[in-house]
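Have a look at the structure below before the remarks.
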Amino acid sequence: MPFVVSARVMQTPAADRLQVIGDAVIAVDDGGLITAVEPSGTAAGRSLLDSGAAQLRTPPDTVLIPGLVDLHVHAPQWPQLGTGLDLPLERWLFEVTFPLEARYADLTFARPVWSDLVDGLLRHGTTTAAYFATVDVAATSALARAAVQAGQRAFVGRVAMDHPEGTPEWYRDASAPAGVDRSARSIAEILAIDAGRGLVQPIITPRFTPACTDDLLRGLGELAVSTGVRVQTHCSESDWAHVYALHRFGTTDTNALDGFGLLRPGTVLAHANHVTDDDADLIRERGAGIAHCPLSNAYFADAVLPVRRLRGRGVEMGLGTDVAGGASPSLLHQAHDAVTVSRLLDDGTDAHLPPEGRGVGGSAIDTTHAFWLATVGGGSVLRAPVGLLAPGYRFDAVLIDAASRRGSMRVFPGIDSPERTFEKIVRLAGPVDIVGVWVDGRRVVGGEPD
Ligand code: GUN
Ligand code: FE
């Protein structure tokens, strides 16, 4: 059924532009597509309200924002969220992460974790997620089913990894051909699970170059060409990963991935903290993008991603939680963290250095820029029409109760302008303030799903 939503909208059509529409009327067709957005006081707005479509009037003191796009989630790491982050990445993977991920071959273990994760992320306002699942085909399909069932927009990837040194023998593909074959099977299964709506789609997922042989990486690049399915992987995350690629391939991780045919339109490169300017230009030329994971990077990346520098070179970028490398499931937290770490990069961190040589001036971003990354930026990386409440976009939206007193957010009449209220949403809103979530026009949190 088509419907019309009346709401106070806050969103960021550009990285430097906060748009507040005090009394928006949003028309959504029966397929979940936004067909019009007009102020209610105009003739166009009134005619939408009089169109006879079902009406949803959001309560006073609520704010409707676009759904959040999480570009990087390790679904099987959900049970370890918040733990184990004192180890370096290589030890964390082998000692903590791989043993947990291997358990999902048991579907009785996997299924309840998957539905709890999808439900948890939706309640944080994540309407689109790009998931790394596990090596197991059936467990990956079960995650796709959980997303379909809960109504979350998702890109679900079977993790491909076969390198005899970069993976343990009890959690890897048996060979490169076997890995390519299992990824192809996983794609076919996921396409069949959501054949009708396409809300949940497969994504080809080589874990990262240290975990994959050349033959596997090449085979997956060919699979991406033959199927047209998107790709996601990690790229130059840490000093270790960056130097590893230089030693193994004689070139950067980005160049190596490109040589295997994996840098394509819509490819999501997680982290990418150590990419060079030449890498950045190549990423832009190929139409790939970066998932900036600011909190995770503080633990594993050895550096702060230079958001402004990369975006200045035209690189597409959105945000990722990197559950569980980052210890928060909230993309709003990531937006706040993106602001925070950009300030650290700008100012520098070592007080024993003179201020003029301490940081990288011109690196700071504000909450508007960070929210743009969390919405429009993420949608652009995935080439999906999400992240903005505007005609031609899908109706993926999150309703915040700005008067809720259950969380940390408070709005003081007479003190807080709309701009300040927006800043408070980005920095302070959490699940207790989120009273409604819609994906593709369907309400998935805070009401009876229709
Ligand atoms: N590199 C390879 N695998 C992973 C992972 O699971 N998390 C992070 N942060 N980096 C990785
Ligand atoms: Fe990751």
Side-chain angles (χ1 to χ4, degrees), residues 70-104 117 121 129-136 140 143 155-163 165-168 171-173 203 205-213 216-217 220 231-245 248 253-254 256-257 262 267-275 289-305 318-329 331 334 337 378 381:
D70 190 337
L71 288 181
H72 190 52
V73 185
H74 292 275
Q77 297 172 21
W78 184 235
Q80 78 193 56
L81 186 70
T83 68
L85 294 173
D86 298 318
L87 295 172
L89 179 62
E90 314 86 279
R91 283 189 58 200
W92 179 79
L93 287 172
F94 274 81
E95 293 173 27
V96 179
T97 301
F98 293 158
L100 175 59
E101 293 195 12
R103 294 187 60 180
Y104 289 73
L117 163 69
L121 293 190
Y131 288 116
F132 279 54
T134 80
V135 170
D136 191 71
T140 302
L143 174 59
F155 295 84
V156 178
R158 185 198 82 87
V159 176
M161 46 195 270
D162 71 330
H163 199 288
E165 279 137 42
T167 63
Y171 186 57
R172 72 164 67 124
D173 292 316
I203 184 166
T205 307
R207 187 173 201 118
F208 67 155
T209 52
C212 301
T213 60
L216 180 60
L217 293 164
L220 294 174
V231 174
Q232 61 180 353
T233 189
H234 297 86
C235 177
S236 286
E237 176 177 2
S238 59
D239 281 321
W240 169 71
H242 179 62
V243 170
Y244 172 92
R248 173 167 156 195
D253 218 12
T254 305
L257 291 168
L262 292 162
T267 292
V268 184
L269 300 174
H271 308 286
N273 298 281
H274 298 269
V275 297
I290 292 175
H292 176 30
C293 307
L295 181 55
S296 168
N297 288 346
Y299 287 93
F300 289 142
D302 312 307
V304 173
L305 186 79
L319 295 183
T321 55
D322 194 31
V323 162
S328 167
L331 210 69
Q334 296 305 314
D337 290 334
V381 171

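As the structure lists them, so they are numbered: ligands from 1, and atoms in each ligand from 1.
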Check this for me: F98, atom CZ, are more than 12 non-hydrogen atoms of other residues, nucleotides or ligands nearer than 6.0 Å?
yes
Query raised in the report: Counting N and O atoms only, with roles assigned by atom type, does the side chain of T205 sit under 3.5 Å from a partner on the main chain of I203, one being a donor and the other an acceptor?
Result: yes
Main-chain N/O of T167 paired to R207 side chain as donor or acceptor, under 3.5 Å: no
Residues with a heavy atom under 4.0 Å from ligand 1, by chain and number, are H74, Q77, L89, W92, L93, R207, F208, H234, E237, H271, D322
Residue pairs passing the salt bridge (Lys or Arg N to Asp or Glu O under 4.0 Å) test with at least one member in residues 76-96, sequence neighbours excluded, are R91-E95
Q. Quick one: are M161 and V135 in side-chain contact, heavy atoms under 4.5 Å?
A. yes
* Asked: Is any side-chain heavy atom of C235 less than 4.5 Å from a side-chain heavy atom of V275?
  -> yes
Next on the checklist: For the residue pair T97 / Q77, report whether a side-chain donor-acceptor contact shorter than 3.5 Å exists.
Outcome noted: no
Shell check on the Fe ion (ligand 2): protein N, O or S atoms less than 2.8 Å away are H72 NE2, H74 NE2, H234 NE2, D322 OD1
Sequence neighbours excluded, the answer for side chain to side chain donor-acceptor pair (under 3.5 Å) partners of D173 is R158, R182
With a 6.0 Å cut-off on the ring centroids, do Y299 and W92 count as close?
no
